[in-house]
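If you're wondering where the values come from, they're calculated on a predicted model, not measured in any experiment.
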Amino acid sequence: MKINDLLIKDAMIMDLQATDKKGAIDEMVQKMYDAGRISDIDTYKEGIVAREAQTSTGLGDGIAMPHAKNAAVKEATVLFAKSNAGVDYEALDGQPTYLFFMIAAPEGANDTHLQALAALSRQLIDPDFVAKLKTATTPEEVQATFAEAEKEEEAEKAAEETAVVEPSEDRPYIVAVTACPTGIAHTYMAEDSLKKKAKEMGVDIKVETNGSEGVKHRLTSDDISRAVGVIVAADKKVEMDRFDGKHLVNRPVGDGIRKTEELINLALSGSAPIYHGDGSSSSDESNEKGSVGQEIYKNLMNGVSHMLPFVIAGGILIAISFMVDQFIGVPDAELASLGTYNQVAAYFNQIGGAAFGFMLPVLAGFIAMSIGDRPGLVAGFAAGALANAGGAGFLGALVGGFIAGYVIVFLRVILKGLPKSLDGIKTILFYPFFGLLITGFIMLLVNVPMKAINDGLNGFLQGLDGANAALLGALLAGMMAADLGGPINKAAYVFGTGTIAATVANGGSVVMAAVMAGGMVPPLAIFVATRLFKSKFTKQENEAGLTNIIMGLSFVTEGAIPFAAADPLRAIPSFIVGSAVTGGLVGAFGIRLMAPHGGIFVALLLTNPLLYLAFVLLGAIISGILLGLLRKPIEK
């Protein structure tokens, strides 16, 4: 599809009358409606205004690209408007705007439309091209200017394909990510601006775009490793944890268009801040596929990371409902209704229960999305809901998420042969409908054995006490200290989180309490060791030991990673011993917890907070002393 197929004559305004931003939007939206390209003025305008609220689409240099993608759009269209006097469009450079390209994309816009819109965005960074548009007086001249530019672009692409450019050791190498909320215009303009400026500066660059077409030119782990710096020019969230330890420049996407030289110089200089990931993103952004186990782990963690906010917030509110009832008082005959007996408690319980109810659908939905991309969400959410309704519980939702994801992968294969013109409808109709249908029937069958497993596990957890609880608590708490946020730690944490739903009626999970206690011990052990054995640690390590008390009390196990990495053979066993002792004691005394995170901040939600904190302190002292005794003195 050519740009002129979208840039129709009937949707052009060669002499825009408006003098301010609101008037310009109203005039262009009305023209779009008069040309029959949108079905509802208010709906389309709402999308335009919402996009402007995020950041102005007045890019500067006299150009604005307002855009929206919603149900009011009948057919993908680019409205061209020119103001001879200039409009105060609140442009990023504060100057008047003369050229407008209002983009209307339907909800099911296919790749052909999106590629044409991306091409439009790229052409607008060419000053000679823009100058020609400013002198155009008729719609025919506008279309002729674009047609000429497309021919030149095709010739350039052909020349680039025949030319072989090898990476050079003499040229610096950087990577970048560009993204905007709708992924139609700014994403690709920033990409082209960065590429052109890097070429002028003699810098090699690879740019990943997060646009409406999905992620293109995805950065591999090797790309990131080789790069001396990273540029993120984005107005929406992109995957960031992969850049851990790299010098990173994080700016709005508009800077990627207008301030390219500044961004590139910052990325090359080594003066940009070093980015430190928080571990919340589990997506593996490399092109290379890992082992089967790594893929399963990645997909599972995507579901768990999205599920946790629902479980944490909902679980805390439900726990508060129990506390409120206990504070106000509940007759012995009504203890079964604890958490809902008094009206105030019932409010907390209702709100927390609403969030908690999303736990299984969100888990399954985002596992499926990790496997099958966005089309997997519908089937995944439904799989989680069916697991919940069918009594299959956490394990059923987990299995259902993988089923839904691979059903979408299967559908992609069998629908691959459909005509290109049906690409748009595949995403909004075929994948959701057939994905839901197939996944739903499979889940009805899977629920039968999974319910039996879930019932058995729940019975075990509810009857967990004494030696069994101590052994399980010690095992899981030890696992939390084994790799400090790695796969073993995450396996224990996911298991603990999954037990919360089965123990709500009992006031919380002993397993979750042991898991959190085990995770709090290693950072606190660092604090103890650096206080008691100062001579065995460097000045920097002693200073870091002070910050670890905050991390430990907050249940941020990863605070101990630098010490474990520096001396794993002594640090890891020390941590495991202390954590296992703490977890075993928590299990033996049957201390329960409803919240899956929070450390000391959720202490009041424990059934015995003082004893719990005493056990954590004991474990930290044991681990800290062991680490201090095992560690070699510093060589002077």
Side-chain angles (χ1 to χ4, degrees), residues 296-297 299-308 310-312 314-315 318-319 336 339 349 352-368 371 379-407 436 438-465 468-469 471-473 475-476 479 490-516 587 590 592-596:
I296 291 173
Y297 176 74
N299 298 329
L300 173 61
M301 285 300 105
N302 191 58
V304 170
S305 64
H306 285 88
M307 173 196 76
L308 283 179
F310 292 88
V311 183
I312 293 170
I318 292 173
N349 197 288
F356 210 74
F358 285 101
M359 170 183 172
L360 301 186
V362 169
L363 171 68
F366 282 94
I367 289 175
I371 299 167
F381 268 82
L386 287 168
N388 191 30
F394 182 85
L395 294 177
L398 190 153
V399 172
F402 282 95
I403 290 172
Y406 287 111
V407 164
L436 178 60
I438 297 170
T439 302
F441 276 105
I442 294 175
M443 282 304 297
L444 293 178
L445 299 175
V446 168
N447 274 348
V448 177
M450 293 309 300
K451 183 179 185 302
I453 295 172
N454 189 56
D455 289 345
L457 178 61
N458 289 349
F460 169 73
L461 291 172
Q462 289 171 4
L464 197 62
D465 58 12
N468 289 334
L471 287 172
L472 185 58
L475 172 63
L476 293 170
M479 289 172 66
K490 286 292 189 291
Y493 183 66
V494 169
F495 181 76
T497 305
T499 65
I500 292 179
T503 55
V504 170
N506 294 341
S509 167
V510 175
V511 173
M512 190 65 242
V515 164
M516 190 169 82
R592 297 178 178 275
L593 174 66
M594 180 73 76

N/O donor-acceptor pair under 3.5 Å between Asn454 side chain and Gly396 backbone: no
Separation of His306 NE2 from Leu363 CG (nearest 0.5 Å): 11.5 Å
Closest heavy-atom pair and its distance - Ala404, Ala368: CB-CB, 3.8 Å
Where Gly473 and Ala514 come nearest, the two heavy atoms and their spacing: CA-CB, 3.7 Å
Spatial distance of atom CG (Leu300) from atom CZ (Phe366) [nearest 0.5 Å]: 14.5 Å
Nearest-0.5 Å distance that lies between atom CD1 in Ile453 and atom CG in Leu395: 7.0 Å
Working for side-chain contact (heavy atoms from CB on, under 4.5 Å), residues Thr497 and Val304: CA-CA 9 Å; Thr497 305; Val304 170; 5.9 Å; no
Pairwise side-chain contact, Asn299 with Tyr406, heavy-atom cut-off 4.5 Å (strictly under): yes
Interatomic distance, Tyr493 atom OH to Met512 atom CE [nearest 0.5 angstrom]: 5.0 Å
Side-chain donor/acceptor of Thr499 to backbone N/O of Gly496, under 3.5 Å: yes
From CD1 (Ile442) to CG (Leu386), nearest 0.5 Å: 11.5 Å
Met450/Phe394 under side-chain contact (heavy atoms from CB on, under 4.5 Å): CA gap, chis, key distance, verdict: CA-CA 9 Å; Met450 293 309 300; Phe394 182 85; over 6 Å; no
Interatomic spacing from CG in Leu472 to CZ in Phe495 - rounded to 0.5 Å: 5.5 Å
Closest heavy-atom pair and its distance - Ala492, Val515: O-CG2, 3.7 Å
Residue pair Met443 / Ala387: nearest heavy atoms and the distance that separates them: CE-CB, 4.0 Å
Closest non-hydrogen atom pair between Thr439 and Ala379, with its separation: OG1-CB, 3.6 Å
Heavy-atom closest contact (Gly587 atom, Val510 atom, distance): CA-CG1, 3.7 Å
Which residues share a ring pair (Phe, Tyr, Trp, His ring centres under 6.0 Å) with Phe358, sequence neighbours left out: Phe310
